[in-house]
Amino acid sequence: MARSAHDEVTDSGAFDPLPSTFRSFVSRGSSARFPAAPGRYHLYVAYSCPWACRCLAYLKLKGLDHAIGFTSVKPIFERTKETDGHMGWVFPATGDEEPGAEPDPFNGAKSIRELYEIASGNYTGKPSVPVLWDKQLKTIVNNESSEIIRMLNTEFNEFAENPDLDLYPAHLQASIDEINELVYEAINIGVYKCGFAKQQGPYDEAVTKLYEALDKCEDILSKQRFLCGNQLTEADVRLFTTLIRFDEKLIREYPNLFNYTKDIYQIPGISSTVNMEHIRKSYYGGYSPINPYGIIPVADVAKNNVTVAGCGWFVLVEWQ
């Protein structure tokens, strides 16, 4: 049977995710197995998933959404097959079932798991998003967000509306890599290590590292607009998609991070990648071991934000 994030907890109670399994690359070379071409590839995402939304942000920032389409699944995990109990990402049956989500337009798949099985037969790994799909070969090119965004940054420039935008410029790569290492381990994965921990020790360790990393980022942003200087880079996109999901009261305690998150949110295209309704439903209604009753906090329409009742690990606020 396919796996889920809940299966990636060690005997010590710590969350330890397995590496992504599809690691091919799209290349500008015409002889490549996966050559860059408009209309050939499709991105499958979940608006609630920060990893998938990194890729969506790149589509918007680079101006590639006309060359690479995307489809979002429903925000709450459901049964992916009638024959077993696996819970995972599923597509709606119709376009009006869940605003923001759409049926699979190419394969008629009912779930992301089915896409993985089309690509590799009886797949037993974790069918995660994002998925970069090759419509011509009917297979998954890559499901590792950190690699997908690098492809989107450089390999499709011939078809991009913003080809000169380089989010991983050569002169900043060492700085970006250093920040990425801090942010990934302590913040991007750190929030999951807090949320999925099954014992006190691993939770305490993860939450301590999380706050230390937030303090460090707050200090960096007290001196400059972005993490690696005064231009937006890959490091900022990777941090933003986690920060936008933090509890508002927590993030307000970090004035520089709070203003930084609002600043990035206002960059053209970014706000369209943030679907708070999907985030709210997914993180409260979609992870049953964490919130076994599936109670979803109500949206505060008057304040244009989401009321965080009972402490989530992510920000649920509609940035204005």
Side-chain angles (χ1 to χ4, degrees), residues 1-8 15-59 62 64-65 67-74 77 80-81 84 86-91 102 104-156 167-168 180 184 188-189 192 234 237-238 241 273:
M1 184 173 76
R3 297 167 60 88
S4 73
H6 303 305
D7 301 314
E8 299 178 320
F15 179 61
D16 185 23
L18 294 172
S20 301
T21 51
F22 291 86
R23 308 295 287 269
S24 297
F25 282 80
V26 173
S27 172
R28 283 171 287 182
S30 59
S31 61
R33 183 188 179 201
F34 299 107
R40 174 164 175 166
Y41 302 99
H42 195 76
L43 193 64
Y44 291 97
V45 302
Y47 278 113
S48 54
C49 173
W51 314 96
C53 286
R54 293 175 175 183
C55 302
L56 200 52
Y58 266 67
L59 281 189
K62 292 287 294 186
L64 283 169
D65 45 345
I68 303 172
F70 68 92
T71 299
S72 175
V73 294
K74 295 167 67 174
F77 278 8
T80 56
K81 277 189 177 181
D84 59 47
H86 178 260
M87 303 290 285
W89 301 114
V90 300
F91 296 98
E102 298 176 341
D104 174 26
F106 304 110
N107 305 286
K110 305 300 181 185
S111 66
I112 291 294
R113 179 183 179 183
E114 285 190 35
L115 293 178
Y116 278 73
E117 291 175 345
I118 293 171
S120 65
N122 187 27
Y123 184 78
T124 57
K126 182 178 70 173
S128 60
V129 289
V131 167
L132 183 62
W133 181 263
D134 182 347
K135 294 187 287 184
Q136 182 172 313
L137 297 182
K138 291 188 177 297
T139 194
I140 296 172
V141 179
N142 197 296
N143 67 335
E144 170 53 55
S145 66
S146 63
E147 294 175 353
I148 295 173
I149 61 177
R150 294 277 174 91
M151 294 179 227
L152 297 178
N153 186 53
T154 60
E155 301 308 301
F156 292 89
L167 295 165
Y168 190 60
N180 282 348
Y184 172 79
N188 295 149
I189 281 289
Y192 290 93
E234 173 188 297
V237 175
R238 288 170 56 129
T241 56
T273 73

Starting at CD1 of I112, measure out to CG of L115 and round the result to the nearest 0.5 Å. 5.0 Å

Paired with Y58, the side-chain contact (heavy atoms from CB on, under 4.5 Å) test is passed by just one of I148, L43, L152, namely L152

Can you tell me how far apart CG (L137) and OH (Y41) are? Round to the nearest 0.5 Å. 7.5 Å

Value for NZ (K74) from OG (S48), rounded to nearest 0.5 Å, stands at 12.5 Å

Could you tell me if Y184 and S146 have a donor-acceptor pair between their side chains, going purely by distance under 3.5 Å? no

Any heavy-atom pair between the side chains of V131 and Y116 that's under 4.5 Å? yes

How many angstroms lie between atom CD of E117 and atom OG1 of T124, to the nearest 0.5 angstrom? 9.5 Å

What verdict does the side chain to side chain contact (heavy atoms under 4.5 Å, CB included) test give for I149 and R238, after you've listed the backbone C-alpha separation in whole Å, the side-chain angles of each residue and the deciding distance to 0.1 Å? CA-CA 10 Å; I149 61 177; R238 288 170 56 129; 4.2 Å; yes

Kindly give the heavy-atom pair with the smallest separation between R33 and T139, and that separation in Å. NH2-CG2, 4.5 Å

So, do T71 and F91 sit near enough that their side-chain heavy atoms are less than 4.5 Å apart? yes

So, N143 side chain and F22 main chain: donor-acceptor pair closer than 3.5 Å or not? yes

Do P130 and W51 make a side-chain contact, defined as non-hydrogen atoms from C-beta onward lying under 4.5 Å apart? yes

Measure the CZ-CD distance between R28 and E155 for me, rounded to the nearest 0.5 Å. 4.5 Å

At their closest point, which heavy atom of V129 faces which heavy atom of A52, and how far apart are they? CG2-CB, 4.2 Å

Is the closest side-chain heavy-atom distance between K62 and N153 below 4.5 Å? yes

Please report the closest heavy-atom contact between H86 and P127, naming both atoms and the distance. CE1-CG, 3.9 Å

Given side chains that start at C-beta, do those of S145 and C55 come closer than 4.5 Å, heavy atoms only? yes

Just wondering, do V26 and F156 contact through their side chains at under 4.5 Å, heavy atoms? yes

Ignoring hydrogens and geometry beyond distance, is a side-chain donor-acceptor pair present between R150 and N142 at under 3.5 Å? no

Hey, does Y123 have a side-chain heavy atom less than 4.5 Å from the side chain of T21? yes

For V237 and A57, which heavy atoms make the closest approach, and how far apart are they? CG1-CB, 4.0 Å

Quick one: are S72 and E102 in side-chain contact, heavy atoms under 4.5 Å? no

Decide ring pair (Phe, Tyr, Trp, His ring centres under 6.0 Å) for F77 and W89; before the verdict, give the C-alpha distance in whole Å, the side-chain angles of both, and the deciding distance to 0.1 Å. CA-CA 5 Å; F77 278 8; W89 301 114; 4.7 Å; yes

Spacing of CD belonging to E114 relative to CG belonging to D104, to within rounding of 0.5 Å: 8.5 Å

Stepwise side chain to side chain contact (heavy atoms under 4.5 Å, CB included) test for N107 and H42: CA-CA 12 Å; N107 305 286; H42 195 76; over 6 Å; no

Between T80 and V90, does the side chain to side chain contact (heavy atoms under 4.5 Å, CB included) criterion hold? Intermediate values first, please. CA-CA 7 Å; T80 56; V90 300; 4.2 Å; yes

Parallel, tilted or perpendicular: which fits the ring planes of W133 and Y44, with parallel below 30° and perpendicular above 60°? perpendicular

